[in-house]
Amino acid sequence: MPLDGNMSDEDVVAAIYRDHGPALRRFVLSCTSDENLADDVVQETVLRVWQHAPQITGSLRSYLFRTARNVIIDNYRKARRRPAETGPDALEVAESSERVDELLNRVLMEEALLRLSHEHREVLVALHYQRFTVNEAALRLNIPAGTVKSRAFYAVRALRTILDEMGVKR
């Protein structure tokens, strides 16, 4: 549900939690196994996004996941500045900072792929994720090899446009 300028603050926060909370929590839990820390990160993320809701352009979900990544990194940096308070949670966050970026990229790419037409998506999945050759993809999809090449070309162009709209930096 898009955020409406006429919604109350409570409605905006409730809509964010309802529409994106479970996926956001799964993302954060994949970075840290501490459920309390994950809940704190999700809450901080929703509050930050709520504060900037009127200025958000592009995909709210992408903005949420990037914000969650930033909250995780901020927590890690705070923990590093206070070594006496560093506990297992902070060490987990430190060890998973690369994984956070990888997971965020995966989530953003999945969202972008879902916005492609079915034909474009199936060609990109066959060529780039299943690692089929053009001829193998053509046989698998039951289309000519030239069509696979053409769809792949236009799919990549469309994917770049979608990622730009989502605010993903290349």
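Since this is a predicted model, take the numbers as computed values, not measurements.
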List in chain and number order the residues that pass side-chain contact (heavy atoms from CB on, under 4.5 Å) with Arg140, two or more places apart in sequence or in another chain; answer none if no residue qualifies.
Phe132
What is the distance from atom CD1 of Ile162 to atom CG of Leu116, rounded to the nearest 0.5 Å?
4.0 Å
Measure the spacing between CZ of Phe153 and NE2 of His120 and express it to the nearest 0.5 Å.
10.5 Å
For residues Ala68 and Leu24, report the shortest heavy-atom separation together with the two atoms involved.
CB-CD1, 3.7 Å
Identify every side-chain donor-acceptor pair in residues 40-47 under 3.5 Å, counting partners at least two apart or on other chains, and give the distances.
unit_1	atom_1	unit_2	atom_2	d
Glu44	OE2	Arg48	NE	2.9
Thr45	OG1	Val41	O	2.7

Can you get from Tyr129 to Leu124 by hopping between Ile, Leu, Val, Met, Phe, Trp and Tyr side chains that sit under 4.5 Å apart?
yes
Atom pair CZ/CD1 of Arg151 and Ile143 - distance to nearest 0.5 Å:
4.0 Å
Tyr154 atom OH, neighbour heavy-atom count above 12 within 6.0 Å
no
Could you tell me which residues satisfy salt bridge (Lys or Arg N to Asp or Glu O under 4.0 Å) with Glu136, sequence neighbours excluded, listed by chain and number?
none
Output for pair (Leu159 CG, Asp164 CG), nearest 0.5 Å, gives 9.5 Å
Apply side chain to side chain contact (heavy atoms under 4.5 Å, CB included) to residues Leu163 and Met109 and explain how you reach the verdict.
CA-CA 8 Å; Leu163 290 169; Met109 186 56 72; 4.1 Å; yes
Is there a path of hydrophobic side-chain contacts, each under 4.5 Å between heavy atoms, that joins Val71 and Tyr17?
yes
Which atom names give the shortest non-hydrogen contact between Ala145 and Asn135, and what distance separates them?
CB-OD1, 3.6 Å
Distance, nearest 0.5 Å, that separates CG of Leu114 from CD of Glu110
7.5 Å
Do Val125 and Leu141 share a hydrophobic cluster (ILVMFWY, side-chain heavy atoms under 4.5 Å, transitive)?
no
